[in-house]
Asks: 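Would you mind keeping the following structure in view while I ask a few things?
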Amino acid sequence: MTSLFALVDCNNFYCSVMRVFHPELNNVPVVVLSNNDGSIIARSNEAKALGLQMGQPFFEAKPTIDKYNVVYFSSNYTLIGDMSARVHSTLARFTPNVEIYSIDEAFLDLGGFKGIVIPDYARTIRNTVKKWTGIPVSIGVAPTKTLAKLANRIAKKSEKANGVLVLTEAKHLEAALKRTDVGDVWGIGSRYATKLHSFGINNAWQLANVTDAFAKKHLTVVGLRLVKELRGEPCADLEIEPPAKKGICSSRSFGKPVTTLDDLKEAVAVYASRCAYKLRQQKSACRVVTVFIHTNPFREQEPQYYNTKTINLPVSSSSTIELVQYATMALEHIYRDGFAYKKAGVYITEIGPADGAQMNIFDRVDRSKHASLMLTLDQLNKSMGKGTVKVAAEGVSHIWEPKAEFSPPCYTTRIEDVLKVR
DNA sequence: TCTGGGGTCCTAGGACCC
DNA sequence: TCTGGGGTCCTAGGACCC
């Protein structure tokens, strides 16, 4: 049986979400900003046409934004997450084998489908997602994931494809590979693209035709797999069950510079608490906690400081109380007076199953008590709303909170916003 | 004034061991 | 000229993704 993968990708997802709730923004340039309203992370086609770049600092883009009346929003992750779930559950109607690849992308396994016309089926999926969620998607179908990605890119850009491209015939595959720049291949970033150009390899077709030895030598075994996938040989299957994370990180840039240890402690406690929560959600525990802090590298004239501290836990844990304690210890170790800090973060690693935690005879923590406390905390926060219950160290002043001055309301979760009442 | 956050995988090289 | 060789573990750094 020959394999067949579909990649479904939401078009300009964050912008499209805004348009669902603001239909008047159709055909109007729209951008969505990163945390702290720092830079552009999503652009509508009209915004792309104005030359606005992905990752471009907001202040730098502001003149263009003002000149062309570009509409801009802060990110609202609750809203985005909710719309993402709607799209993914719609896709699940079309095949049991779905891999949720990212917030706005999914791979579908169409390999075993008999008696259906694939291009028609793909178009039905596209129309249904649009009708049920309001989100426009593009669909690429091909024998490997890498080729499905490539087909998707063309489906999105080509007027003729109109959002759907199925690449199964050799001559179509060859033409598609020849018109794709090597740097636009999934897995080839800017470094590898430069390197490949220096060897005269400029498009995906040329990359598909290098020797295995060349691929391995210059692009490692990852690149060798990629090259095989370009030739139509599948090297990656669908990942239907998301694997447990091996590292969990929570970090943010601050809304304004932070100078005191007390404020940093609050922020680090909040991040450690988020890590602990994510850890419990996947029923894991960690053995290592790392904290990092740094000043603003863009302010070159100001004194710079960057440091990290890693602490090995005596016994692996997923308790917010414990992780906050260790993260605070780490922070105290690296904090230096006299700097304006821009960002802090907590990173936890050495993650394993919660019930497989190694015992330690010197362990003085009552683990069953902690576990039941955390269970209660998670249940309360789930039923009464995020942040209802937290540990004291997380504080309340939060002068370091990121900025989000252009936030859209939570249309999908707040009835007041849906009904437009005040 | 203003520059995101959260991940994965691989390799090279050093330390250490027998 | 030529200084043992092979295995494992760990870490730092590099590359990529959305």
Side-chain angles (χ1 to χ4, degrees), chain A residues 7-14 31-43 52-63 65 72 74-77 80-81 84 99-107 145-146 149 152-153 182-196 215-226 235-236 239 242-257 267 271 274-275 278-279 282 288 290 292 294-302 308 310 312 340 342-351 402-406:
Chain A
L7 176 69
V8 182
D9 190 336
C10 301
N11 299 348
N12 314 326
F13 184 51
Y14 286 42
V31 296
V32 178
L33 306 173
S34 68
N35 258 316
N36 261 322
D37 302 328
S39 57
I40 294 173
I41 54 167
R43 305 159 294 157
L52 295 169
Q53 296 298 312
M54 188 72 178
Q56 190 177 16
F58 180 49
F59 73 89
E60 191 187 293
K62 198 69 173 33
I65 286 174
Y72 50 96
S74 303
S75 296
N76 177 332
Y77 295 101
I80 296 290
S84 170
E99 171 184 339
I100 298 178
Y101 177 69
S102 77
I103 196 156
D104 66 342
E105 283 174 73
F107 283 103
K145 284 174 141 185
T146 305
K149 268 276 195 185
N152 186 288
R153 255 193 100 256
V182 79
D184 292 327
V185 172
W186 187 39
I188 301 295
S190 64
R191 297 297 181 93
Y192 281 167
T194 306
K195 193 178 203 172
L196 289 168
K216 183 155 185 209
K217 179 168 180 214
H218 296 288
L219 311 172
T220 81
V221 297
V222 180
L224 177 57
R225 273 200 298 268
L226 185 162
C235 298
E239 277 184 4
K245 296 200 188 321
K246 296 170 181 174
I248 293 172
C249 180
S250 175
S251 78
R252 290 285 183 284
S253 296
F254 302 132
K256 54 182 178 182
Y271 305 151
R274 278 188 203 143
C275 285
K278 289 184 197 170
L279 204 49
Q282 66 167 39
V288 173
T290 299
F292 65 85
H294 64 79
T295 49
N296 187 345
F298 292 103
R299 294 196 180 178
E300 288 169 14
Q301 69 288 2
E302 290 186 10
T308 71
T310 297
N312 294 297
K342 176 63 178 170
K343 186 172 176 178
V346 175
Y347 189 44
I348 56 179
T349 47
E350 298 289 297
I351 290 172
K403 283 184 295 192
E405 291 180 39
F406 321 111

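Chain letters run A, B, ... following the sequence lines, proteins first, then strands; residues in each count from 1.
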Asks: Which one, dG6(B), dC18(C), dG4(B), comes nearest to the side chain of Ser34(A)?
Replies: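 It is dG4(B).
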Asks: With a non-hydrogen cut-off below 4.0 angstrom, is Ile248(A) in contact with a base, only sugar-phosphate, or nothing?
Replies: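 Answer is sugar-phosphate: Ile248(A) comes under 4.0 Å of backbone atoms only.
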Asks: Which of these nucleotides, dG5(B), dT3(B), dT8(B), is closest to any side-chain atom of Ser253(A)?
Replies: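 Closest of the options to the side chain of Ser253(A): dG5(B).
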Asks: Separation of Gln282(A) atom CD from dG7(B) atom C1', in whole Å?
Replies: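 It works out to 12 Å between those atoms.
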Asks: Without decimals, in angstroms, what is the distance between Arg153(A) CZ and dC18(C) C1'?
Replies: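 One finds 15 Å between C1' of dC18(C) and CZ of Arg153(A), rounded.
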Asks: Whole angstrom is fine here: how far is it from CD1 in Ile100(A) over to P in dG7(B)?
Replies: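 Distance, rounded to whole Å: 16 Å.
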Asks: Within the pair Lys343(A) and dT3(B), is there a side-chain N or O less than 4.0 Å away from OP1 or OP2?
Replies: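 Checking dT3(B) against Lys343(A), no side-chain N or O comes under 4.0 Å of OP1 or OP2.
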Asks: Please examine the side chains of Asp104(A) and Asp9(A), heavy atoms only from C-beta on, and report whether any two atoms are closer than 4.5 Å.
Replies: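 In short, these two side chains touch, coming nearer than 4.5 Å.
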Asks: With respect to the side chain of Ser190(A), which nucleotide from dT3(B), dT8(B), dC16(C) is positioned closest?
Replies: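 Nearest listed nucleotide: dC16(C).
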Asks: Taking Ser74(A) for the side chain and Phe406(A) for the main chain, is one N or O donor matched with an acceptor at less than 3.5 Å?
Replies: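 Yes, the answer is positive, given that a donor and an acceptor are paired below the 3.5 Å cut-off.
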Asks: Counting Watson-Crick and G-U wobble pairs whose two distances are both under 3.5 Å, find the runs of 3 or more in a row that involve DNA chain B.
Replies: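 Stem segments, range with range: B:5-18 with C:5-18.
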Asks: Return whichever of Pro243(A) or Ser39(A) has its heavy-atom-nearest nucleotide of DNA chain B closer to the 5' end.
Replies: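 It is Ser39(A), whose closest nucleotide lies nearer the 5' terminus.
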Asks: Would you mind classifying the nucleic acid contact of Lys62(A) as base, sugar-phosphate or nothing, using non-hydrogen atoms under 4.0 angstrom?
Replies: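 Answer is nothing: Lys62(A) stays at 4.0 Å or more from every strand.
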Asks: Going by the angle between their ring planes, with limits at 30° and 60°, are Tyr101(A) and Trp186(A) parallel, tilted or perpendicular?
Replies: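 Ring orientation of Tyr101(A) relative to Trp186(A): perpendicular.
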Asks: Remember a base hit wins even if backbone is also touched, and classify Asp37(A) as base, sugar-phosphate or nothing at under 4.0 Å, heavy atoms.
Replies: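 Counting heavy atoms under 4.0 Å across all strands, no contact is made by Asp37(A).
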Asks: Is the shortest side-chain N/O distance from Asn36(A) to OP1 or OP2 of dT3(B) below 4.0 Å?
Replies: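 Answer is no, no contact under 4.0 Å.
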Asks: Taking NE2 from His294(A) and P from dG5(B), how many angstroms apart are they, rounded to a whole number?
Replies: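 Interatomic distance, NE2 of His294(A) to P of dG5(B): 8 Å.
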Asks: Over all heavy atoms of both residues, which pair between Tyr347(A) and Cys249(A) is shortest? Give the atoms and the distance, please.
Replies: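 That would be CD1-CB, 3.4 Å.
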Asks: Remember a base hit wins even if backbone is also touched, and classify Ser75(A) as base, sugar-phosphate or nothing at under 4.0 Å, heavy atoms.
Replies: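 Ser75(A): no heavy atom of the nucleic acid under 4.0 Å.
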Asks: Using a cut-off of under 3.5 Å, enumerate the N/O to N/O pairs linking the protein to nucleotides 9-14 of chain B.
Replies:
from, atom 1, to, atom 2, distance (Å)
dC9(B), OP2, Lys246(A), NZ, 2.9

Asks: Send over the distance from Lys145(A) NZ to dC17(C) P, rounded to a whole Å.
Replies: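 In whole Å, dC17(C) P and Lys145(A) NZ are 15 Å from each other.
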Asks: Any base atoms under 4.0 Å from Glu60(A), or only sugar-phosphate, or nothing? Heavy atoms, all strands.
Replies: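 It contacts nothing in the nucleic acid.
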Asks: Out of dG4(B), dT3(B), dT8(B), which nucleotide sits closest to the side chain of Asn35(A)?
Replies: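 The answer is dG4(B).
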Asks: Find the distance Glu99(A):CD to dC18(C):P and express it as a whole number of Å.
Replies: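 Distance check: Glu99(A) CD to dC18(C) P gives 13 Å.
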Asks: In whole angstroms, how far is the P atom of dG7(B) from the CD1 atom of Ile348(A)?
Replies: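 About 9 Å, once rounded to whole Å.
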Asks: Which atom names give the shortest non-hydrogen contact between Tyr14(A) and Ile41(A), and what distance separates them?
Replies: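 Scanning both residues, the minimum pair turns out to be CE2-CD1, 3.9 Å.
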Asks: Can you see if the side chain of Lys278(A) gets near the phosphate of dG7(B) - specifically, an N or O under 4.0 Å from OP1 or OP2?
Replies: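 Answer is yes, contact under 4.0 Å.
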Asks: Measuring only the P atom in each nucleotide, how far is dC18(C) from dT3(B)? A whole number of Å is fine.
Replies: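 The same atom, P, in both gives a distance of 25 Å.
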Asks: At less than 4.0 Å, is any side-chain N or O atom of Arg252(A) found next to OP1 or OP2 of dG6(B)? Yes or no.
Replies: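 Affirmative; the distance criterion is met.
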Asks: Should Glu239(A) and Lys145(A) count as an ion pair when the cut-off is N to O under 4.0 Å?
Replies: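 No salt bridge links Glu239(A) with Lys145(A).
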Asks: Under 4.0 Å, heavy atoms only, any strand: does Phe298(A) hit a base, just the sugar-phosphate, or nothing?
Replies: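 Answer is base: heavy atoms of Phe298(A) come under 4.0 Å of a base.
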Asks: Looking at dT3(B), dG5(B), dG7(B), which one has an atom nearest to any side-chain atom of Cys249(A)?
Replies: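 The listed nucleotide nearest to Cys249(A)'s side chain is dG7(B).
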Asks: Please examine the side chains of Glu60(A) and Gln53(A), heavy atoms only from C-beta on, and report whether any two atoms are closer than 4.5 Å.
Replies: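 No; the side chains remain at least 4.5 Å from each other.
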Asks: Does Ser251(A) make a side-chain N or O approach to OP1 or OP2 of dG6(B) shorter than 4.0 Å?
Replies: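 Looking at the OP1 and OP2 atoms of dG6(B), one of them is under 4.0 Å from a side-chain N or O of Ser251(A).
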Asks: Please say whether more than 12 non-hydrogen atoms of neighbouring residues, nucleotides or ligands are located less than 6.0 Å from NZ in Lys217(A).
Replies: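 No, because the 6.0 Å sphere around NZ of Lys217(A) holds 12 heavy atoms or fewer from other groups.
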Asks: Could you check Ile40(A) against Met54(A) for side-chain contact (heavy atoms from CB on, under 4.5 Å), going step by step and ending with a plain yes or no?
Replies: CA-CA 6 Å; Ile40(A) 294 173; Met54(A) 188 72 178; 5.6 Å; no
Asks: Is the shortest side-chain N/O distance from Ser102(A) to OP1 or OP2 of dC17(C) below 4.0 Å?
Replies: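 Answer no for this pair, as no side-chain N or O of Ser102(A) is under 4.0 Å from OP1 or OP2.
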Asks: Select base, sugar-phosphate, or nothing to describe what Ile188(A) touches, counting heavy atoms under 4.0 Å on all strands.
Replies: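 Sugar-phosphate contact only - Ile188(A) comes under 4.0 Å of backbone atoms but never of a base.
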Asks: Using side-chain heavy atoms (C-beta onward) and a distance below 4.5 Å, is Val288(A) in contact with Ile348(A)?
Replies: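 They are not in contact (no side-chain heavy atoms under 4.5 Å apart), so the answer is no.
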Asks: Roughly, in whole Å, what's the span from NZ in Lys403(A) to P in dT1(B)?
Replies: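 Interatomic distance, NZ of Lys403(A) to P of dT1(B): 12 Å.
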Asks: Looking at the side chain of Lys149(A), which of dT3(B), dC18(C), dG6(B) is the nearest nucleotide?
Replies: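 Selected nucleotide (nearest to the side chain): dC18(C).
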Asks: Would you call Lys342(A) and Thr295(A) a side-chain contact if the rule is heavy atoms closer than 4.5 Å?
Replies: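 Side chain of Lys342(A) against side chain of Thr295(A), heavy atoms only: no contact under 4.5 Å found.
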Asks: Are Ile65(A) and Phe58(A) close enough that some pair of their side-chain heavy atoms sits under 4.5 Å apart?
Replies: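 In short, these two side chains touch, coming nearer than 4.5 Å.
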